[in-house]
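Below: one structure, written as structure tokens.
Every heavy atom of this structure was used, including side-chain atoms; hydrogens, water molecules and symmetry mates were not. First the proteins, then the strands, lettered A, B, ... as listed; each starts at 1.
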Amino acid sequence: MKPETFTFFHNVHDVARLIPRGRVTSYGAIAKYLSSPRSSRMVGYAMNAAAGDDSIPAHRVVNRIGILSGKMHFKSPKAMQEALEQEGIEVKNDQVVEFNILFWDPTKELGL
DNA sequence: CGCGTGACCAGTT
DNA sequence: TAACTGGCCACGC
């Protein structure tokens, strides 16, 4: 990636695109990967900018306990859950089942 | 050019 | 053990 375009938002989008199908990650994990553990909430804001962008799997990004905190920002509140279920991820009561197993940590998978 | 705010997280009290 | 607070970057008004 180009350093010129190395902005926080752009990075968040970039990392989100790297999330494997059928896996999920958290805002904090992405923030940590970007060396800004305290900027997790801006990661969410960045995803908001990604809403509507089909090239960015925003539905694979949930909060630290696996809750679909951003479902309301999708076209339809249930769109996020359905998108996850289509990837084989079971969602119960707006929460990813076995989130701890499906969790994809960029700092671990991509390396630091 | 400055202030407020937004899909959160982790350490303290 | 539950609740509170601070922190962080970018964008809009």
Next on the checklist: To the nearest 0.5 Å, what is the distance between CD on A/Q95 and CG on A/N63?
Outcome noted: 8.5 Å

Next on the checklist: Between P on C/dC8 and OH on A/Y27, what's the gap in Å once rounded to a whole number?
Outcome noted: 21 Å

Checklist entry - Between A/F8, A/F9, A/Y27, which is the residue that forms a ring pair (Phe, Tyr, Trp, His ring centres under 6.0 Å) with A/Y45? => result A/F9

Checklist entry - With a 4.0 Å cut-off on heavy atoms, is A/S39 in touch with a base, just the backbone sugar-phosphate, or nothing at all? => result sugar-phosphate

Checklist outcome for this item: Walking DNA chain C from its 5' end, the first of A/F9 and A/S40 to be reached, judged by nearest nucleotide, is A/S40

Next on the checklist: Using the rule given for side-chain contact (heavy atoms from CB on, under 4.5 Å), can you reason through A/V15 versus A/T25, listing the C-alpha separation, both sets of side-chain angles and the distance that settles it, and then say yes or no?
Outcome noted: CA-CA 10 Å; A/V15 175; A/T25 190; over 6 Å; no

Checklist entry - Closest nucleotide of DNA chain B for A/Y45 versus for A/S26: which of these residues is on the 5' side? => result A/Y45

Checklist entry - How would you label the contact of A/N63 with the nucleic acid (heavy atoms, under 4.0 Å): base, sugar-phosphate, or nothing? => result sugar-phosphate

Next on the checklist: If I pick the P atom on C/dC8 and the same atom on B/dT12, what distance separates them, to the nearest angstrom?
Outcome noted: 15 Å

Checklist entry - Looking at A/Q81, A/E87, A/Q86, A/E85, which hits side chain to side chain donor-acceptor pair (under 3.5 Å) with A/H59? => result A/E87

Next on the checklist: The test is side-chain contact (heavy atoms from CB on, under 4.5 Å); show your working for A/I89 and A/F99 and say whether it passes.
Outcome noted: CA-CA 9 Å; A/I89 299 175; A/F99 168 72; over 6 Å; no

Next on the checklist: Is the shortest side-chain heavy-atom distance between A/L18 and A/W104 below 4.5 Å?
Outcome noted: yes

Next on the checklist: Set out, in order, the CA-CA distance, both residues' side-chain angles and the distance that settles side-chain contact (heavy atoms from CB on, under 4.5 Å) for A/V62 and A/M80, then state yes or no.
Outcome noted: CA-CA 10 Å; A/V62 297; A/M80 187 174 186; 3.9 Å; yes

Checklist entry - So where does chain A start and stop touching DNA chain B, 5' to 3', when the test is distance under 4.0 Å to a non-hydrogen atom? => result B/dG6 to B/dA10

Checklist entry - A/M42 has an atom CE; how far is it from atom C1' of C/dC11, in whole Å? => result 12 Å

Set out, line by line, the N/O atom pairs under 3.5 Å between protein and nucleotides 1-5 of chain C.
none

Checklist outcome for this item: Nearest-nucleotide check on DNA chain B, A/R38 vs A/V61; residue mapping nearer the 5' end is A/V61

Next on the checklist: Expressed as a whole number of angstroms, how long is the span from A/R41:CZ to C/dG6:C1'?
Outcome noted: 9 Å

Item to check | Of A/V43, A/I56, A/V61, the residue whose pairing with A/V12 passes side chain to side chain contact (heavy atoms under 4.5 Å, CB included) | outcome: A/V43

Next on the checklist: So A/A46, base contact, sugar-phosphate only, or nothing? Heavy-atom distance under 4.0 Å.
Outcome noted: nothing

Checklist entry - Is a donor on one side and an acceptor on the other found under 3.5 Å between the side chain of A/R17 and the backbone of A/P57? => result no

